[in-house]
Amino acid sequence: MPRDAGNLVIYDTRSRSKQPFQTIEPGQVRMYVCGVTVYDDAHIGHAMSVMVFDMIRRYLEYRGYVVRHAQNFTDIDDKIITRANREGINPNDLTGRLISNWLSETLALNVLPATVYPRATQELPAIIAMIEGLIDRGHAYPVEGDVYYRVRSFPGYGKLSHRDPDDLRSGARIDVDERKDDPLDFALWKAVKPGEPSWPSPFGEGRPGWHIECSAMCTTHLGGFVDIHGGGTDLIFPHHENEIAQSEAFLGGEPFARYWLHNGMLRFGGEKMSKSLGNMVTVRSLLDRGLGDAFRLMVLQSHYRAPLTYSEEALAGAERGLERLRTAAGGGGAVGRPDTTAPALGDALAGQTADTWRRFFIAMDDDFDTPAAIAALFDLARSINREAASSPTSASLVAARTTLGDLMGVLGFDPARPTSTAGADASPFIDLLVTIRETMRKERHWALADQIRDGLADRGVTLEDGPAGTTWRATSGPS
RNA sequence: GGCGCCAUAGCCAAGCGGUAAGGCACGGGUCUGCAAAACCCUGAUCGGCGGUUCGAAUCCGCCUGGCGCCUCCA
């Protein structure tokens, strides 16, 4: 199985083109992915983004890279303060709770934990040092306790989002702050206001602006310059544009990030899902319904750069597709007893298994083309099922199933069907019912047998009568 | 007003100049006591109009309809 990444190309927002992947340090990937501002529950748009970068990270690691992955939490911000005040709690209690939720929810989504999870409020020394450096270099200036970045001091401003500062100026809808040298200048440090959390600094008591934390974190945790910097397309401007201005001015070099990756937005019907539109689905509700991996399949069946249209119907479709893959990968029946005398059909399956590897890597090497990679997996699943019907013990069948499971794992799926807690608790009783029903079926008591099957189905347990006996599995039906 | 994106079968979604991946749903069939699963068969000429080309869903122009960013945002 190929593990080198010599053919990997990645689309870079800055150059608007696919570029061969070459890291700063051979074999090492420094990846920074913008996390969330923790002021409310995570929604599935966040889940989509996190899954995309989890897939990318998993693939890079599978390719043999050592990935240092940083994801930040913005834990000081206007909305956090507002929300905390509304709930009558300390902002720290709010962010602590939401960060805890985030970590457990992303874990439940099969997302690998980041290497580091820096938080803005724990990076103050680095943030302050960077702001001081920017002031020293003439890229920033203090005004009455605030500190602003002087956009016009950075010639490359706009190169990521491909905007001309002169165009931005005329189109700016934000209220002009007369104290700034230029309307485009953005805050690095905000002077304290009554009742708000604040930290001491050389510029006065206050708190950091939004953009500076990411630049500072990249410096402290990833060496300043990074290989991959990611986030949603909505972060391209101004957030990432500002990060470039900060980091490159401070570090005195470029590029701040070699590859800028941005995932498309999750849409609801025609619109982007957002809190302000009130059309959000929380990660919690997704997990409560046991649809984490189904959602992952839905996400990865479209390309990460393209927007994805969410609907219950599409999610249900993905759930069925996931079942299909899991059934083929796990099988049931005679796994583990390979027959060394593989028939001709088995040889064909062995060939297709090898072909699946090839298709998978070619697809993934092309800017993480998961739709094509997954199509290859579905094709393999069909062949596996066909083989299972004719030669259920062939060695090539075992190998094919292993491959399918392995490649699903590379994409972050749990190839095995997660056992529901309810199912696990009830397992001995379900087994007993199945055994009793087997006897009934042998004695042709069809009505009673069907009654058991229907009754279990109503309780979320599906029975399947096969040649080798009856198997059951928990389904996400009514619970 | 500026920058950019999208429009492919009922639904989701690939495709990046050579005659439309994949998934879900639907219909027919096989298997099964029935069912489920599985397998087989079945469906689109790619928003509209022009143009370039031997040849375009794929390139160009116009039109129509959506959307994103420009302000917090994955």
Side-chain angles (χ1 to χ4, degrees), chain A residues 16 18 33-37 39-40 42-53 71 74 77-79 158 161-164 166-175 210 230-239 241 262-267 269-276 297-298 300-303 305-325 327-328 332 359 363 369-379 381-382 384-390 441 444-447 449-450 453-454 457 462-467 470-473 475:
Chain A
R16 285 178 169 167
K18 291 178 184 175
V33 181
C34 283
V36 287
T37 299
Y39 72 96
D40 204 351
H43 63 238
I44 58 178
H46 296 127
M48 176 185 180
S49 182
V50 156
M51 283 177 168
V52 161
F53 287 99
Q71 182 178 58
T74 300
D77 150 279
D78 289 344
K79 280 183 294 199
S161 55
H162 304 96
R163 288 159 204 260
D164 184 332
D166 293 326
D167 293 336
L168 289 171
R169 188 177 210 166
S170 57
R173 282 192 272 153
I174 190 173
D175 293 337
W210 176 37
T233 55
D234 54 347
L235 296 182
I236 296 172
F237 189 90
H239 187 53
E241 195 68 62
H262 295 98
N263 64 277
M265 297 290 99
L266 185 68
R267 290 187 184 157
E271 296 173 312
K272 179 176 93 165
M273 181 172 68
S274 72
K275 289 159 189 168
S276 57
L297 181 61
M298 180 176 148
L300 298 184
Q301 275 192 299
S302 83
H303 190 84
R305 279 192 280 122
L308 173 61
T309 308
Y310 175 87
S311 70
E312 282 297 314
E313 186 182 4
L315 182 60
E319 185 186 14
R320 297 298 316 281
L322 179 66
E323 273 303 304
R324 179 175 172 73
L325 290 175
T327 298
R359 285 174 64 191
D369 187 357
T370 52
I374 289 172
L377 298 189
F378 274 108
D379 286 343
R382 166 164 283 109
I384 286 172
N385 289 332
R386 197 182 305 168
E387 174 88 349
S390 60
R441 292 183 69 220
R444 301 188 157 264
H445 290 137
W446 306 125
D450 290 351
R453 186 175 62 198
D454 294 343
T462 299
L463 299 192
E464 292 178 2
D465 301 322
T470 299
T471 58
W472 66 268
R473 58 190 168 86
T475 49

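Every chain is numbered from 1, with letters handed out A, B, ... down the list of sequences.
- Under 3.5 Å, the side chain of A:Asp164 and the base of B:C3 form no donor-acceptor pair of N or O atoms.
- Not counting sequence neighbours, the partners of A:Asp465 by the salt bridge (Lys or Arg N to Asp or Glu O under 4.0 Å) test are A:Arg437, A:Arg441, A:Arg453.
- A 3.5 Å limit on both hydrogen-bonding distances identifies B:G66 as the Watson-Crick or G-U partner of B:C5.
- Between B:C39 and A:Asn385, a contact under 4.0 Å exists linking OP1 or OP2 to a side-chain N or O.
- Using a 4.0 Å heavy-atom distance criterion, A:Ala47 is classed as making no nucleic acid contact.
- Contacts of A:Arg16 with the nucleic acid, taken as non-hydrogen atoms under 4.0 Å apart, involve only primed sugar atoms and P, OP1 or OP2.
- Looking at residues two or more places apart in sequence or on another chain, you find no salt bridge (Lys or Arg N to Asp or Glu O under 4.0 Å) involving A:Arg163.
- Picking from B:C70, B:A74, B:A14 the nucleotide with the shortest atom distance to the side chain of A:Arg163 gives B:C70.
- Take A:Lys18 and apply the salt bridge (Lys or Arg N to Asp or Glu O under 4.0 Å) test, not counting sequence neighbours, and it matches A:Asp366.
- In a base pair of the Watson-Crick type (N1 to N3 plus N6-O4 or O6-N4) or a G-U wobble (N1-O2 and O6-N3), with each distance short of 3.5 Å, B:G33 is matched with no nucleotide.
- On a pure distance criterion of 3.5 Å, no polar donor-acceptor pair joins the side chain of A:Arg267 and the base of B:G68.
- Atom CZ of A:Phe237 and atom C1' of B:C5 are 18 Å apart (whole Å).
- Nucleic acid contact class of A:Leu315 (heavy atoms, under 4.0 Å, all strands): none.
- One P atom belongs to B:U58, the other to B:C67, and the distance between them is 23 Å to the nearest Å.
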Can you give me the N/O atom pairs linking the protein to nucleotides 23-25 of chain B at distances under 3.5 Å, or say none if there are none?
from: B:G23; atom 1: OP1; to: A:Arg382; atom 2: NH1; distance (Å): 3.3
from: B:G23; atom 1: O4'; to: A:Gln301; atom 2: NE2; distance (Å): 3.4
from: B:A25; atom 1: OP1; to: A:Arg320; atom 2: NH1; distance (Å): 2.1

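- In this structure, A:Arg444 does not reach the B:C34 phosphate: none of its side-chain N or O atoms is under 4.0 Å from OP1 or OP2.
- Dashed line: the shortest gap from a side-chain N or O of A:Thr233 to OP1 or OP2 of B:C5 is not under 4.0 Å.
- Applying the side chain to side chain donor-acceptor pair (under 3.5 Å) rule to A:His303 yields the partners A:Asp367; only residues at least two apart in sequence or on another chain are considered.
- For A:Arg444, there are no side chain to side chain donor-acceptor pair (under 3.5 Å) partners, not counting sequence neighbours.
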